[in-house]
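Everything on this sheet refers to the single structure shown next.
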Amino acid sequence: KAGVTQTPRYLIKTRGQQVTLSCSPISGHRSVSWYQQTPGQGLQFLFEYFSETQRNKGNFPGRFSGRQFSNSRSEMNVSTLELGDSALYLCASSQYRGQLDTEAFFGQGTRLTVV
Amino acid sequence: GDSVTQMEGPVTLSEEACLTINCTYTATGYPSLFWYVQYPGEGLQLLLKATKADDKGSNKGFEATYRKETTSFHLEKGSVQVSDSAVYFCALRYNAGNMLTFGGGTRLMVKP
């Protein structure tokens, strides 16, 4: 069974640009969540989608947005990039079973560098 | 709000030494607890989990027990290997939803 796939793996963008990252969950998983990992702030929750609806949202500015498609694939977008947005962005998926989410499985991440 | 606190690293051990990485949490409800491991250049891999008080999670020689009375979930291994060198993250999550709250991570370095 294929794992969580994130594309691209590496990205370099210029300050002020926007970027879109993609995440394909494990087959059958309907929940996708996104995290930002930086040396200073550690791992921080961005948002979570389930069946195309945002279920939870972290404490990030509105420049960070996401969506989920009917096949459970998810994208996150960051507009007006700032140097501080340089980070590893991780996506995780989980299966919803009996009103509970199973454990989260993570992708390898997208390393975003803003210059 | 909820939070997870881990001991700061790096933790440097010789091969075959015993490992303990402390993790304590603050939660308003009854979360599930997890340990994830991150190898260089990789995402996070689930190491073990416990879903209720007194549960013991175990995997690959690692163990952790969900202690509600001390709000702790310490990671232990009796004999570490060089291949265990990685960053370890303690995390909590409520069962409905997939929003994980992570500790700051503890880097483990095992020397031959």
Side-chain angles (χ1 to χ4, degrees), chain A residues 3-7 9-10 21 23 25-26 29-51 53-60 68 72 74 87-111, chain B residues 1-10 21 23 25 27-52 55 57-60 62 64 66 73 86-107:
Chain A
V4 178
T5 303
Q6 292 188 244
T7 55
R9 288 291 310 276
Y10 303 92
L21 312 182
C23 173
I26 292 171
H29 287 196
R30 292 162 61 192
S31 171
V32 174
S33 52
W34 289 88
Y35 296 83
Q36 182 195 65
Q37 185 177 23
T38 59
Q41 300 298 318
L43 278 156
Q44 294 185 287
F45 172 77
L46 280 156
F47 28 66
E48 178 201 3
Y49 288 87
F50 177 77
S51 292
T53 301
Q54 189 177 83
R55 187 158 61 169
N56 285 299
K57 187 177 190 305
N59 189 26
F60 277 80
Q68 187 180 34
S72 294
S74 176
L88 180 66
Y89 290 88
L90 293 165
C91 165
S93 74
S94 68
Q95 196 170 23
Y96 194 66
R97 189 183 292 156
Q99 298 186 338
L100 298 174
D101 280 89
T102 63
E103 60 266 28
F105 293 87
F106 283 79
Q108 290 187 299
T110 294
R111 171 75 62 185
Chain B
D2 300 337
S3 65
V4 177
T5 302
Q6 289 180 236
M7 61 188 288
E8 290 197 19
I21 300 178
C23 170
Y25 67 91
T28 53
Y30 302 97
S32 294
L33 301 175
F34 303 84
W35 277 101
Y36 281 86
V37 59
Q38 186 175 36
Y39 298 100
E42 300 291 322
L44 302 177
Q45 296 178 24
L46 178 65
L47 184 58
L48 52 83
K49 68 174 183 178
T51 57
K52 60 183 187 296
D55 267 2
S58 61
N59 186 27
K60 298 180 182 179
F62 291 90
Y66 190 141
F73 192 55
V87 181
Y88 292 81
F89 292 93
C90 184
L92 65 80
R93 193 200 74 186
Y94 294 98
N95 285 334
N98 198 12
M99 175 180 159
L100 286 155
T101 300
F102 285 94
T106 303
R107 180 176 300 278

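Just so it is clear, the values below take in all heavy atoms, side chains as well, and ignore hydrogens, waters and symmetry mates. Just so it is clear: chains get the letters A, B, ... in the order the sequence lines come, proteins before strands, and each one is counted from 1.
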> If you tally heavy-atom pairs under 4.5 Å against chain A, which of B:K49, B:Q45, B:M99 wins?
Replying inline: B:M99
>> Test side chain to side chain contact (heavy atoms under 4.5 Å, CB included) on B:L100 and A:F106; report intermediate values, then the result.
In response: CA-CA 12 Å; B:L100 286 155; A:F106 283 79; 3.8 Å; yes
> Around atom NZ of A:K57, are there more than 12 heavy atoms of other residues, nucleotides or ligands at under 6.0 Å?
Replying inline: yes
> Is it the side chain or the backbone of B:Q38 that comes within 4.5 Å of chain A heavy atoms, both, or neither?
Replying inline: side chain
>> To the nearest 0.5 Å, what is the distance between CD on A:Q108 and CD on B:E42?
In response: 4.5 Å
>> Less than 4.5 Å to any heavy atom of chain B: does that hold for the side chain of A:L88, its backbone, both, or neither?
In response: side chain
> For A:Y35, is it the side chain, the backbone, both, or neither that has a heavy atom closer than 4.5 Å to a heavy atom of chain B?
Replying inline: side chain
>> With rounding to the nearest 0.5 angstrom, report the CZ to CD distance, B:F89 to A:Q37.
In response: 4.5 Å
>> Using the salt bridge (Lys or Arg N to Asp or Glu O under 4.0 Å) criterion, which residues pair with B:D2? Sequence neighbours excluded.
In response: none
> Can you say whether A:R9 sits under 4.5 Å from chain B via the side chain, the backbone, both, or neither, judging by heavy atoms?
Replying inline: side chain
> Tell me, side chain or backbone of A:L43 under 4.5 Å from chain B's heavy atoms, or both, or neither?
Replying inline: both
> Do you know which of A:A104, A:G42, A:G109 has the most heavy-atom pairs under 4.5 Å to chain B?
Replying inline: A:A104
> Should we say atom CD of A:Q54 is surrounded by more than 12 heavy atoms from elsewhere, each under 6.0 Å from it?
Replying inline: yes
> Looking only at heavy atoms, what is the nearest atom pair of B:N98 and A:S94, with distance?
Replying inline: ND2-OG, 3.2 Å
>> Rounded at 0.5 Å granularity, tell me how far OG in A:S33 sits from CZ in B:R93.
In response: 9.0 Å
